[in-house]
Each structure stands twice: as structure tokens, then as C-alpha cells.
Colleague: 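What follows is a structure written as C-alpha cells; I'll ask about it next.
When a ligand or atom number is given, it counts from 1 through the structure's own listing order.
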Amino acid sequence: MPNTPRNSRISGFHRMSPQERRDTVAGFAGLDAAAVERLADTGNLDAGLADRLIENVVGTMNIPLGVATNMKVDGEDVLIPMATEESSVVAAVCNAGRQCYETGGFTTSLSGTLMIAQIQAVGVADPHAARLRILDRRDAIREVCDGCDPILLGLGGGFRDVEVRVLETAGGTMLITHLIVDTRDAMGANAVNTMAEKLAPRIEEWTGGRVYLRILSNLADRRLARAHAVWHLDAIGGQGGGEAVRDGIVSAYQFAAADPYRAATHNKGIMNGVSAVVLATGNDTRAVEAGAHAYAARNGSYSSLTRYEVTKDGHLSGSIELPMAVGLIGGATKLHPTAQTCLKIVGATSAERLARVIAAVGLAQNFSALKALATTGIQKGHMALHAQNIAMMAGAVGEEIERVARALVERGTVRIDVAQAVLGELRGA
Ligand code: NAD
């Protein structure tokens, strides 16, 4: 019989129950009963809640949640919940935290909890004069924005300022209004989007133009989280090797600062730590990632989010600055029970504290990665866990995993074919 082509136009899929959707997907993709059963196991997220958080739910995707130790942020010891599938990420934070613990850990700050919403107006005949007409109506704008969110207003947040840019584009001159809003303990996307939408008809009225987009900017450069730490030579090098480690890290930073190819990987490492905490606390990883990378390119060339220099005493000083739009309210933060537990573990009672701790984690992650890269190379630290993953991929179970992994590391070749051979030898024996 000829194969009938599979059809992705599944009528009413969104109206089905998760079980009906699983059965439908199983038919389409040829999933066996065991796979469907695994999808149905939603772990620590209630199936009904999952079904309300996003559309067309068929299951949940569990990834490991680890806790990093040794971190001291602004004089306070803190445990860091981290959700990630990548090995060495949690260990990197523990190691960096340990090596600066005695010298005070991390000091941090946040520039504010301000978010920006953009309103795009096109076809404005007199953009420069229209810009002034908008700026002149600051009080009216405040009234519209604050009227949208009495809860936020009651908590001391709300409209703070308006800025207007005349932007030359391929499609002609555009007038871009920025609403600057203090969103307090919320990440604030919904809050500022509502304000932008509400204000849009007034912008059309004042400018004579047509408004298209009304949406927050993820380049949250009014919400910059900063962290700093000093690593002493004896803590990072031991036995007089501190200078070489320090100089290797500074050189690695200089490489990233000068080269986008290196900076992309450098910043990816930072985001290994940042995104793991953002995800663990139910925050929006894509929002934070977009902000970080846009900020890294703000001067026209993509560069490093961290900086390293040598203190007057010869120690290593590291710092980081990046947008950190995270909240304790809204999105999945309040709804996902594990996110709530993670917020308890990290002990953040304000969005500001959470943002500051995450900046420290980003710097910690980067320090460890650069230290490994500038000394033994990244693979040595990776190997033990990576070898276990390869052992499992080769079919090792239970105690075999550790034995195969150890054999791979000893042989210095962590490859699946070698793992299969070792497993065969083990089982044969
Ligand atoms: P939200 O609207 O669910 O919650 C914020 C609201 O909670 C505030 O407007 C306020 O009325 C209320 N609130 C109660 N207590 C508060 C407190 N202590 N501080 C501040 N507000 C308090 O969520 P949100 O933070 O506005 O939006 C976040 C969600 O928006 C995330 O899920 C994100 O993924 C999503 N989102 C993101 C983008 C983007 O990043 N481009 C775009 C659209 C939506």
C-alpha cells in the first residue's frame, strides 16, 4: 500500500484534552505506548496547570534542577537554584563562589526596575514638531499609563518618563515613543504593553500619523544588574600559580572584548548561569537573553558582557553589567510550584534582589569558564559528567554507567563507539 502523506492540519487540536492530543501525535509520529505514557507523566507540574500555561499541551519537559553552593552576594550567603541540561554549569558557579568567598564574594547593584515600551508611528508629516507635541503632553501620558494599572501604582510603580526618537528607516522617517515605566517586582511586559496599547490612539491624534507596533523593548537598559568580585591570587592559583591564571583570564577577556566570534561564546557561557536561574524561577529566559545580547552589541560591535582587570595589589577583579528583566510576579513565576520553591531557596523577596543575584551568577559562571579555558582547557572538567552521558547513550545502566565513564576518562577517549566497546567487554566479563 502506498504511504499516505502525513497531514499536520489537525482540526480542533487545541480543543482536545492533553490525552487526546497525545494519541493524535502518537498516530502522526509513530510513538509507542511507552513514549506516550512518559509524555503523560508531567512530574512536578500539574497537568491541568501546564495545559493552561501554553497551548496544545501534550506533556512537560523535565530538566535537572541543581543548587549551587558557596555563593555570597552583598555579604549574605545564598543558595542558587539552577535549571539546566548542561553539565559543569552548576559546578562552575560553586567553584567561582568558593574562590572569592573569603574575600567577600560578590557585590552587586541594580540601576532600577524600569522597563521601556515602544510605540511606532509612521507617516508623520512633521516628525520633529510632533516629537515636541508628545513631550509636551507628559502629564496626559502619565494619566493614561497610570490609569491602566492601579495595582502597580499602589505599589509605588507606574509611569516615570517619556522619550521620543525620530528614526530614519528604509521605510521612511518613524516617530518612536518610549514609555518608561517602573514595574517594581514584575518583569513588566504585560504591564507596559497594556499602557502602550492604551496610549496609541492619543499618539495618532497628536502626531497625525499611524501607529503600528506597541510593545515593550527587551533591551532593558534601564534595568541593568551589575556584579563585582575580587579573586585573590592565592585563591585562584595556589602554589604561586595565581599570576598565570590571572593573566590568562584577563587575556581571555581581552580576546572576547575585541572579537565577536569569541564574545558570542564568552557570553553564551555567562548565559549558561543566568538562564539557568531565570528558568528555575519561572522567568522568561528569552527576554533576558535578548536583552543581554542586544546590550552586548550596544556600541555597534558585539562584545563581552564582563570585564577583567588587575587590582593595584595584583589580584583579579571581575565585573559584569547586563539588563535583567526578571520578576517575582507574573508569567510562570507565581504559578509554577517549583518556581515558587526556587524563589524560596534563593531567598529573593524582591525582583531587585533576584536580578542582582543572577548578575553574580553570570560573573561566577564566566570566571570559571575563563579559568578552565586559560589553564587546563574546558574538556577536563567536562569529561567526568560528559563520559557518563556517553556511557548512558551507549546503553550502560545502573553501576555500569560509572564504570564505563571511568574507563573512558582513563583512556582519554570519550566516544560512543569506545563506550560501546567497553560496555561489551564489561558485559562479556
Ligand atoms: P503580569 O501582567 O502577569 O503581572 C504584572 C502585574 O501584576 C502588574 O501589572 C501589577 O498589576 C500586578 N502586581 C501585583 N503585585 C505586584 C508587584 N509587587 N510588583 C509589580 N506588579 C505587581 O506580568 P508582567 O510582568 O507584566 O509580564 C510578564 C510576562 O509577559 C512574562 O510571562 C513574559 O514571558 C510575557 N511577555 C514577554 C514579552 C517580551 O519579553 N517581549 C512580550 C509579551 C509578554
Colleague: Can you tell me how the ring of His232 sits relative to the ring of His315, calling it parallel under 30°, perpendicular over 60° and tilted otherwise?
Modeller: parallel
Colleague: Side-chain donor-acceptor pair under 3.5 Å between Thr183 and Arg223, yes or no?
Modeller: yes
Colleague: Any atoms of ligand 1 less than 4.0 Å from a non-hydrogen atom of Arg184? List them with their elements.
Modeller: 19 (N), 20 (C)
Colleague: Which heavy atom of the protein is the closest neighbour of atom 31 (C) of ligand 1, given with residue, atom name and distance?
Modeller: Gly331 CA, 4.1 Å
Colleague: Does the protein place a non-hydrogen atom closer than 4.0 angstrom to atom 17 (C) of ligand 1?
Modeller: yes
Colleague: For atom 7 (O) of ligand 1, what is the nearest protein heavy atom, given as residue, atom name and distance?
Modeller: Ile329 CG2, 3.5 Å
Colleague: Please write down residue, atom name and distance for the protein heavy atom closest to atom 38 (C) of ligand 1.
Modeller: Ala189 CB, 3.6 Å
Colleague: Check this for me, if you would: do Arg21 and Asp51 make a salt bridge, where the nitrogen-to-carboxylate-oxygen distance has to be below 4.0 angstrom?
Modeller: yes
Colleague: Quick check on contacts: which atoms of ligand 1 are under 4.0 angstrom from a heavy atom of Ala287?
Modeller: 40 (O)
Colleague: At a 4.0 Å threshold, what atoms of ligand 1 neighbour a non-hydrogen atom of Met187?
Modeller: 25 (O), 28 (C), 40 (O)
Colleague: Quick one, Trp206 and Ile141 - any side-chain contact, counting heavy atoms below 4.5 Å?
Modeller: yes
Colleague: Of the protein's non-hydrogen atoms, which lies at the shortest distance from atom 29 (C) of ligand 1, and what is that distance?
Modeller: Asn190 ND2, 3.6 Å
Colleague: Quick one: does Gly188 get a heavy atom under 4.0 Å from ligand 1?
Modeller: yes
Colleague: With atoms numbered from 1 as shown, which atoms in ligand 1 lie under 4.0 angstrom from a non-hydrogen atom of Leu152?
Modeller: 20 (C), 21 (N)
Colleague: Can you give me the closest heavy-atom contact between Ile236 and Lys371, atom names plus distance?
Modeller: O-NZ, 3.0 Å
Colleague: Kindly give the heavy-atom pair with the smallest separation between Asn70 and Tyr101, and that separation in Å.
Modeller: O-CD1, 3.4 Å
Colleague: On a heavy-atom basis, I'd like to know which of Asp149, Leu153, Leu53 is closest to atom 11 (O) of ligand 1.
Modeller: Asp149
Colleague: State plainly whether the residues Glu76 and Lys72 are in salt-bridge range, i.e. N to O under 4.0 Å.
Modeller: no
Colleague: Can we say Glu163 and Arg222 salt-bridge, meaning some charged N sits less than 4.0 Å from an Asp/Glu carboxylate O?
Modeller: yes
Colleague: What are the two closest non-hydrogen atoms of Tyr295 and Pro323, and how far apart are they?
Modeller: CB-CD, 3.4 Å
Colleague: Does any N or O of ligand 1 fall below 3.5 Å from an N or O anywhere on Leu216, backbone included?
Modeller: no
Colleague: For atom 22 (C) of ligand 1, which protein heavy atom lies nearest, and how many Å away is it?
Modeller: Leu155 CD1, 3.7 Å
Colleague: Considering Asn193, Thr183, Thr194, Asn218, which one's heavy-atom position lies nearest to atom 20 (C) of ligand 1?
Modeller: Thr183
Colleague: Salt bridge check, Arg298 against Asp221: does any charged N sit closer than 4.0 Å to a carboxylate O?
Modeller: no
Colleague: Between Asn267 and Tyr302, does any side-chain donor sit less than 3.5 Å from a side-chain acceptor?
Modeller: yes
Colleague: Using a strict 4.0 Å cut-off to heavy atoms of Asp185, name the atoms of ligand 1 that fall inside it.
Modeller: 17 (C), 18 (N), 19 (N), 20 (C)
Colleague: Out of Leu328, Ile151, Val326, Asp182, who gets a non-hydrogen atom closest to atom 14 (C) of ligand 1?
Modeller: Ile151
Colleague: Taking only heavy atoms of Gly330, which atoms of ligand 1 are found under 4.0 Å from at least one of them?
Modeller: 1 (P), 3 (O), 4 (O), 23 (O)
Colleague: Do we see a donor-acceptor contact under 3.5 Å between the side chains of His386 and Ser87?
Modeller: no
Colleague: So which heavy atom in the protein is nearest atom 33 (C) of ligand 1, and how far is it from that ligand atom?
Modeller: Asp284 OD2, 3.4 Å
Colleague: Write out the residue and atom name of the closest protein heavy atom to atom 5 (C) of ligand 1, then the distance separating them to 0.1 Å.
Modeller: Ala186 CB, 3.7 Å
